[in-house]
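Worth knowing before you read on, the calculation uses all heavy atoms, side chains too, and leaves out hydrogens, waters and symmetry mates. The shown structure was predicted, so the numbers you read here are calculated from the model rather than taken from an experiment.
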Amino acid sequence: MSSSYAILGGGIAGLSMGLFASQQGLRIPIYEKKSEQEHQDNVLWLAPNGLSLLEELGILEAIQSCGTEQSRMVFADHQLRPLSYLDCHKLRASNRFPILAIKRLDLSRILLEAFRAQGGEITFNQKCEVVNEGGLFLRANSGSNKKLKGLIAADGIGSSIRSRYFLDSHIHYQGIRTYLGLSRTPIAAKYHGITTEVWGDKTRFMLSSLDGETIHWSAMERVPYLKNTAPIPINVLDELAHTFRDYHSDDRDVVSFAQHDSIHL
């Protein structure tokens, strides 16, 4: 067995670290438990400091070609009366970049392509665990052990590595259940490049459009604890319509046009 390093987790953090290492002449393999095609279609917002890092990684142009610059980030009450907002044009003037909205799957794809172009190796469908038996070993689901000099843990919020080495660490549930989804609706043009987060009583609703035709939305409510693995109710759209019945007509429109098969947690 040859001694080496490894990255556990092939999400955005793992791929970014792997790409950075490759550009420094270090070949660190990545092990990811999910399949290569398993990416959610939700939106992420990249702030100026994040875009600066992506520029250093040499993939800013590709990111910008897939993302949508935001002109404003608006916070409003449940009737869409503005409470505050962030002017992204001013943000660009002082920080070189505005805020950029991009699909998670596009960001992951660009990072993966750049990592592979640098000669990086990533293994999907590989569930691994770390064992200490006279040294540090990475045990794959194939049963093989790989001796390591060091490990970079990028295995997500429920990190098995963090829980193993930091025994006092645990996830704090904030009491918020969040549904993510897509709605193809005429009002999407109104939210093109303008992300709006609407606040109600123990509820929030966020709307954003990357193309002026489809709304990427999230519906949040405080509910008794439910694990992320808890199934989405079959009548989830009826429940959301009831929960947000007092919200502005735009929010209710988005729920009514929601694509049921797009809804996830």
Fill in the blank from the handout: Scanning both residues in full, the closest heavy-atom pair of Y247 with R252 reads O-NE, 2.9 Å
Handout entry: Among R204, R177, K202, the one residue meeting side-chain contact (heavy atoms from CB on, under 4.5 Å) with M220
Key = R204
Problem - Closest approach of A188 to T214 (non-hydrogen atoms, all atoms of both residues) - result: CB-N, 3.6 Å
Practice task
Say whether S249 and D253, considering side chains only, have a donor N or O and an acceptor N or O under 3.5 Å apart.
Solution key: no
Fill in the blank from the handout: To the nearest 0.5 Å, atom OG1 of T195 lies from atom CZ of R72 at 11.0 Å
Practice task
State, yes or no, whether a side-chain contact exists between L51 and N95 at a heavy-atom distance under 4.5 Å.
Solution key: no
Exercise for the section: Answer yes or no: is there a side-chain heavy-atom contact under 4.5 Å between F97 and R92? Expected result: no
Fill in the blank from the handout: Scanning both residues in full, the closest heavy-atom pair of S218 with L180 reads CB-CD2, 3.3 Å
Problem - Approximate separation, where rounding is to 0.5 Å, of Q126 CD and K34 NZ - result: 16.0 Å
Exercise for the section: Decide yes or no for P48 and R96: does some side-chain heavy atom of the first lie under 4.5 Å from some side-chain heavy atom of the second? Expected result: no
Problem - Which atom of L8 lies closest to which atom of C128, heavy atoms considered - result: CD1-CB, 3.6 Å
Exercise for the section: Quick one: name the residues clustered hydrophobically with L182, using the 4.5 Å side-chain heavy-atom rule over I, L, V, M, F, W, Y, and just say none if it's on its own. Expected result: none
Handout entry: Common cluster, L86/W45, ILVMFWY with side-chain heavy-atom separation under 4.5 Å
Key = yes
Problem - Residue pair L107 / L46, side-chain heavy-atom distance below 4.5 Å - result: yes
Problem - Shortest non-hydrogen contact between L91 and P98, atoms and distance - result: CD2-C, 4.2 Å
Practice task
Compare all side-chain heavy atoms of N42 with those of H264 and state whether any distance is below 4.5 angstrom.
Solution key: yes
Exercise for the section: Step through the shown structure and confirm whether more than 12 heavy atoms of other residues, nucleotides or ligands are within 6.0 Å of CD on E113. Expected result: yes
Completion exercise
Here the gap from D250 atom CG to I187 atom CD1, rounded to the nearest 0.5 Å, amounts to 4.0 Å
Practice task
Treating Ile, Leu, Val, Met, Phe, Trp and Tyr as nodes and any side-chain heavy-atom pair under 4.5 angstrom as an edge, say whether V198 and Y85 lie in one connected cluster.
Solution key: no
Handout entry: R27 and S22, any side-chain heavy atoms less than 4.5 Å apart
Key = yes
Problem - Atom of I28, atom of F115 and distance for their closest heavy-atom approach - result: O-CZ, 3.8 Å
Practice task
Please examine the side chains of Y179 and P233, heavy atoms only from C-beta on, and report whether any two atoms are closer than 4.5 Å.
Solution key: yes
Problem - With F205 via ring pair (Phe, Tyr, Trp, His ring centres under 6.0 Å) - residues at least two apart - result: W217, F244
Handout entry: Connected via hydrophobic side-chain network under 4.5 Å: L44 and L100
Key = yes
Exercise for the section: Flag yes if more than 12 heavy atoms outside E61 fall under 6.0 Å of its CD atom; otherwise flag no. Expected result: no
